[in-house]
Amino acid sequence: WYLPDALTDATQKEIWAATDLLSPMLEKSIKLDGIWHTNQEWFTPRSENDVLTPGCINVSAAWFQQGHEVGSDEMGISVVSASLKGPSSKNILKAIATVALRVMHPQQYWIGLQASASLRDKAGSKKLLKMSETLQYWATVFNSLTIIYNRETPNHRDHSSILECFDILTSVGNYSNAWMSMPSLQLEFRYDPGCMITFLERIIRHGVHAVEGDQIAWAWYMRDAVHIYAMIPSCGWARLDGKK
């Protein structure tokens, strides 16, 4: 799905303001080396006129503790992402992509609701108070969100997403000459402010060229490990006829 003017001006301003609240986390995310997602060579250096700090962070209402496998009831339980443990949490929890998903892939929408209910039950039974509180404000069926500011993205696949589930990418800012490429399909899309692009990130290689100006991208997705932990069955592939 390609929706070039999906986000209203008001929504774009909300995304910018919410990202601004996360500036300290964005700044800490950039590394001198390591994987490309946070490697400084892929980010546009900050200038003295920049309001925001370049970076890339993951936000989730239910993130697994690093280094622990799903299935360990004691150590592998879902916990609230560090990105949501501050006062900015309520400001970034907007249901921007949920309504679109209800139309694009109804079965995925419903398993997202089921996963949210399951996580609330588990948070209550395991007395994860902060997670329970955060889930009250997590107003989307997606369980994960990656926030990117001023980064070029090489062609890649996202292996943490669920295979048959759509991921929704949105972009805002003051920039020009932005393109998303999907080389395996021989496609390129203009990635202008207000754009929404929906596709299977785990299957389709994709990348975003460097832009002229300041760009914020929010990528909504369902993390496979979270649905496994919540014991949610597969939703199956999206169908044009709407049947299961």
Side-chain angles (χ1 to χ4, degrees), residues 1-12 14-16 18-19 37 56 58-61 92-116 138-149 151 153-173 175 178-209 211 215-224 226-227 232 234-244:
W1 292 72
Y2 177 61
L3 305 173
D5 296 306
L7 305 183
T8 65
D9 290 342
T11 299
Q12 293 183 56
E14 286 185 355
I15 291 176
W16 186 277
T19 306
H37 300 79
C56 174
N58 295 309
V59 179
S60 178
I92 64 174
L93 301 177
K94 305 292 184 181
I96 297 167
T98 296
V99 175
L101 184 66
R102 179 67 180 86
V103 175
M104 297 171 178
H105 195 337
Q107 288 73 34
Q108 182 183 343
Y109 170 84
W110 288 114
I111 69 162
L113 289 179
Q114 293 171 27
S116 296
W138 187 259
T140 174
V141 295
F142 291 91
N143 60 50
S144 303
L145 167 66
T146 296
I147 298 173
I148 306 164
Y149 178 57
R151 187 192 71 189
T153 301
N155 291 325
H156 70 289
R157 298 184 184 92
D158 291 301
H159 297 288
S160 61
S161 298
I162 299 174
L163 187 66
E164 64 270 39
C165 284
F166 282 143
D167 301 326
I168 294 183
L169 279 62
T170 54
S171 184
V172 307
Y175 62 90
W179 293 87
M180 175 177 287
S181 62
M182 298 180 184
S184 60
L185 302 178
Q186 298 183 346
L187 294 174
E188 280 199 333
F189 299 92
R190 291 194 63 88
Y191 202 28
D192 294 329
C195 181
M196 177 183 289
I197 302 179
T198 303
F199 61 101
L200 302 172
E201 284 193 287
R202 188 164 177 173
I203 295 176
I204 301 172
R205 287 178 59 82
H206 59 283
V208 179
H209 309 294
V211 304
Q215 180 193 31
I216 295 171
W218 281 22
W220 301 89
Y221 60 103
M222 293 183 178
R223 190 171 174 86
D224 200 12
V226 174
H227 276 221
I232 302 301
S234 168
C235 63
W237 304 98
R239 295 174 57 101
L240 293 177
D241 57 14
K243 296 180 180 178
K244 295 183 179 180

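Basis for what follows: all heavy atoms, side chains included, without hydrogens, waters or symmetry-related copies. Bear in mind the structure is a predicted one, so any value in this text is a computation, not a measurement.
Considering all non-hydrogen atoms of both residues, Ser181 and His209 come closest at CB-NE2, 4.0 Å. Minimum heavy-atom separation, Leu163 to Leu200: O-CD2, 3.9 Å. Annotation for Gln12 and Leu7: closest pair NE2-O, 3.1 Å, computed over non-hydrogen atoms. Closest approach of Met104 to Pro106, counting heavy atoms only: C-CD, 3.9 Å. Here the shortest heavy-atom pairing between Phe166 and Trp1 reads CE1-NE1, 4.2 Å. Across every non-hydrogen atom of Gln107 and Cys235, the tightest pair is CB-O, 3.6 Å.
Scored by the side chain to side chain contact (heavy atoms under 4.5 Å, CB included) test, Ile204 finds Met182, Ser184, Leu185, Phe199 as partners (sequence neighbours excluded). With sequence neighbours left out, Phe189 forms a ring pair (Phe, Tyr, Trp, His ring centres under 6.0 Å) with Tyr2. Residues passing the side chain to side chain donor-acceptor pair (under 3.5 Å) test with Ser116, sequence neighbours excluded: none. Listed by chain and number, the residues in a side chain to side chain donor-acceptor pair (under 3.5 Å) with Tyr109 amount to none (sequence neighbours excluded). Partners of Arg190 according to the side chain to side chain donor-acceptor pair (under 3.5 Å) rule, which considers only residues two or more places apart in sequence or in another chain, are Asp192.
Between the CG atom in Leu145 and the CG atom in Asp167 there is a gap of 11.5 Å [rounded to 0.5 Å]. With rounding to the nearest 0.5 angstrom, the OG1 atom of Thr170 is 8.5 Å from the CD1 atom of Ile168. Trp16 contributes atom CH2, which lies 4.5 Å from atom OH of Tyr149 (distance to the nearest 0.5 angstrom). With values rounded to the nearest 0.5 angstrom, Cys195 atom SG is found 7.5 Å from Leu3 atom CG. With rounding to the nearest 0.5 angstrom, the CE atom of Met222 is 5.5 Å from the CG atom of Leu101.
Defined by atom type and a distance below 3.5 Å, a donor-acceptor pair is missing between the side-chain atoms of Trp220 and Thr98.
The shortest side-chain heavy-atom distance between Ser171 and Leu169 does not fall under the 4.5 Å cut-off. At least one side-chain heavy atom of Arg102 sits under 4.5 Å from a side-chain heavy atom of Trp110. Counting heavy atoms from C-beta on, the side chains of Val59 and Trp218 never come closer than 4.5 Å. The shortest distance between side-chain heavy atoms of His227 and Asn143 falls below 4.5 Å. The shortest distance between side-chain heavy atoms of Val208 and Arg151 does not fall below 4.5 Å.
Here side chain to side chain donor-acceptor pair (under 3.5 Å) pairs that include residues 196-205, with residues two or more places apart or in two chains, are Glu201-His206, Arg202-Asp224. Sorted pairs that involve residues 156-165 and meet salt bridge (Lys or Arg N to Asp or Glu O under 4.0 Å), not counting sequence neighbours, are lacking altogether.
Side chain of Gln215 to main chain of Tyr175: no donor-acceptor pair is present (N/O by atom type, distance under 3.5 Å, no hydrogens or angles). Side chain of Asn155 to backbone of Gly207: a donor-acceptor contact under 3.5 angstrom is found. His37 contributes no side-chain N or O that, together with a main-chain N or O of Thr153, makes up a donor-acceptor pair within less than 3.5 Å.
Each of Cys165, Ser60, Ser144 was scored for a side-chain contact (heavy atoms from CB on, under 4.5 Å) with Arg223, with one residue passing: Ser144.
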